[in-house]
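Read the structure below first, then the notes.
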Amino acid sequence: LNILERWNYRFEKNSKGAGVFGTWEFFYSKKLIKKIGLSYQQWRAIIGNLKSDHFIFRKILELDINDTEKDNFWCLNEQNENMTHPCLYNFVAALEETYSYLTDNHGYLIHNWEWGKIHHMRYPHAPFSNTLLSFFFHRSRPSGGNSRTALASYIRTEAESLEGVISSNLRIVESLREGDPSFYIIDTGISGSPFSEHYDDQMELHAEGKLLEMDSDTEYYTWMKRVWNTVVKIGRA
């Protein structure tokens, strides 16, 4: 709780506050809307949707533990359905699970609870990530961010770990003014061969939020500039 009170709300790799909150949110979300007659696939589709965050946080803000008559259907699950304060139970139970998960997997030293040590972005290769050749093809790295940050890294609620599985894999900052530089970055690299130096040479730059300048002398770049400028002219017309 002291870590959370001092947290600046940023999901940086070295943030212990993000490590605690991100882990708590992971376990807390698993406890919601379990008793409204949904199949597992329906629950997974709803709770895993990015729009569910808005619903969950709005309900947290509306929470009044002194009002036992309030409709708490969204909090109910197998452990708390007969309790007076099912929503409060979820808060505390998820916090206990957070502590157990962090100590079991990262030890009792709090500096090991940094978000980047808990949360890795993984880049699976189909089909070799699930074979003995995964050593050559599969990539993962410590990552900041979550599903609500510019450094996007989406975690599946139904999963058993806090690995990120979806990211903003291509970022482009494009200037439409002639002569201005433009920038890009890819989350791994531009080669499909793990034996190429370009297979994952952009991965760390992407993780740090850095960009590479586009080569403005290439034919493709010149063509793209012409396309963008034409679109702008049409839009203004």
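Keep in mind it's a predicted model, so treat the numbers as computed, not measured. Hydrogens, waters and symmetry mates are skipped; everything else that's a heavy atom, side chains included, is used.
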Approximate separation, where rounding is to 0.5 Å, of Ile33 CD1 and Leu76 CG: 11.5 Å
I'd like to know if the side chain of Asn80 reaches the main chain of Asn77, judged simply by a donor and an acceptor atom lying under 3.5 Å from each other, with no hydrogens or angles considered. yes
Does one hydrophobic cluster hold both Val165 and Met203, with members joined at side-chain heavy-atom distances below 4.5 Å? no
Can you tell me if Trp43 uses its side chain to pair, donor with acceptor, with the backbone of Ile46 under 3.5 Å? no
How far apart are the closest heavy atoms of Met214 and Ile172, and which atoms are they? CE-CG2, 3.6 Å
So Phe91 and Trp24, ring pair (Phe, Tyr, Trp, His ring centres under 6.0 Å) or not? Walk me through it. CA-CA 9 Å; Phe91 269 91; Trp24 173 85; 5.5 Å; yes
Using the test salt bridge (Lys or Arg N to Asp or Glu O under 4.0 Å), find all partners of Glu62 that sit at least two apart in sequence or belong to another chain. Arg58, Lys59
Would you say Leu132 has more than 12 foreign heavy atoms packed within less than 6.0 Å of its CG? no
Please check if the side chain of Thr103 supplies one atom and the backbone of Ser100 the other of a donor-acceptor pair under 3.5 Å. yes
Verify, without hydrogens or angle tests, whether Ser52 (side chain) and Gly48 (backbone) share a donor-acceptor contact under 3.5 angstrom. no
Angle between ring planes, Phe21 versus Phe11, binned at 30° and 60°: parallel, tilted or perpendicular? perpendicular
Just by distance, do the side chain of His206 and the backbone of Gly189 share a donor-acceptor pair under 3.5 Å? no
Is the shortest heavy-atom distance from the side chain of Asn49 to the side chain of His54 under 4.5 Å? no
Could you check whether any side-chain N or O of Ser175 sits under 3.5 Å from a backbone N or O of Pro181, counting only pairs where one atom can act as donor and the other as acceptor? no
So Val20 and Trp7, do their side chains get closer than 4.5 Å, heavy atoms only? no
Mind checking whether Tyr154 and Leu50 have side chains closer than 4.5 Å, heavy atoms only? yes
Tell me whether the rings of Tyr99 and Trp113 are parallel (<30°), tilted (30 to 60°) or perpendicular (>60°). perpendicular
Decide whether a cation-pi geometry holds between Lys31 and Phe27; the criteria are a distance under 6.0 Å from NZ or CZ to the six-membered ring centre and an angle within 45° of the ring axis. no
Quick check: do Arg171 and Phe183 have side-chain heavy atoms less than 4.5 Å from each other? no
Under 3.5 Å, side chain of Tyr123 to main-chain N/O of Arg141, donor-acceptor pair present? no
Say whether, by atom type as modelled, one donor and one acceptor occur between the side chain of Ser140 and the main chain of Arg122 under 3.5 angstrom. no
Testing Glu213, Glu174, Gln202 for side-chain contact (heavy atoms from CB on, under 4.5 Å) with Tyr184, which one passes? Gln202
Got Arg156 and Glu163 here, is their nearest side-chain heavy-atom distance under 4.5 Å? no
Take atom CG of Leu1 as the centre, draw a 6.0 Å sphere, and report whether it contains more than 12 heavy atoms from other residues, nucleotides or ligands. no
Do the side chains of Glu208 and Lys210 get close enough for a salt bridge, i.e. N-O under 4.0 angstrom? no
Does any non-hydrogen side-chain atom of Leu162 lie less than 4.5 Å from one of Trp115? yes
To which residues is Ile234 joined in a hydrophobic cluster, defined by side-chain heavy-atom contacts under 4.5 Å among Ile, Leu, Val, Met, Phe, Trp and Tyr, whether direct or through other members? none
Between His125 and Tyr199, what is the ring plane arrangement, given parallel below 30°, perpendicular above 60°, and tilted in between? tilted
Which atom pair, heavy atoms only, marks the closest approach of Phe136 to Arg139? O-NH1, 3.0 Å
Evaluate whether atom OH of Tyr40 has more than 12 neighbouring non-hydrogen atoms of other residues, nucleotides or ligands under 6.0 angstrom away. yes
Side chain to side chain contact (heavy atoms under 4.5 Å, CB included) assessment of Asn112 paired with Leu102: CA-CA 9 Å; Asn112 287 326; Leu102 293 177; over 6 Å; no
Gap separating the CZ atom of Arg148 from the OH atom of Tyr9, nearest 0.5 angstrom: 13.5 Å
Geometric class of the Tyr101/His106 ring pair [parallel <30°, tilted 30-60°, perpendicular >60°]: tilted
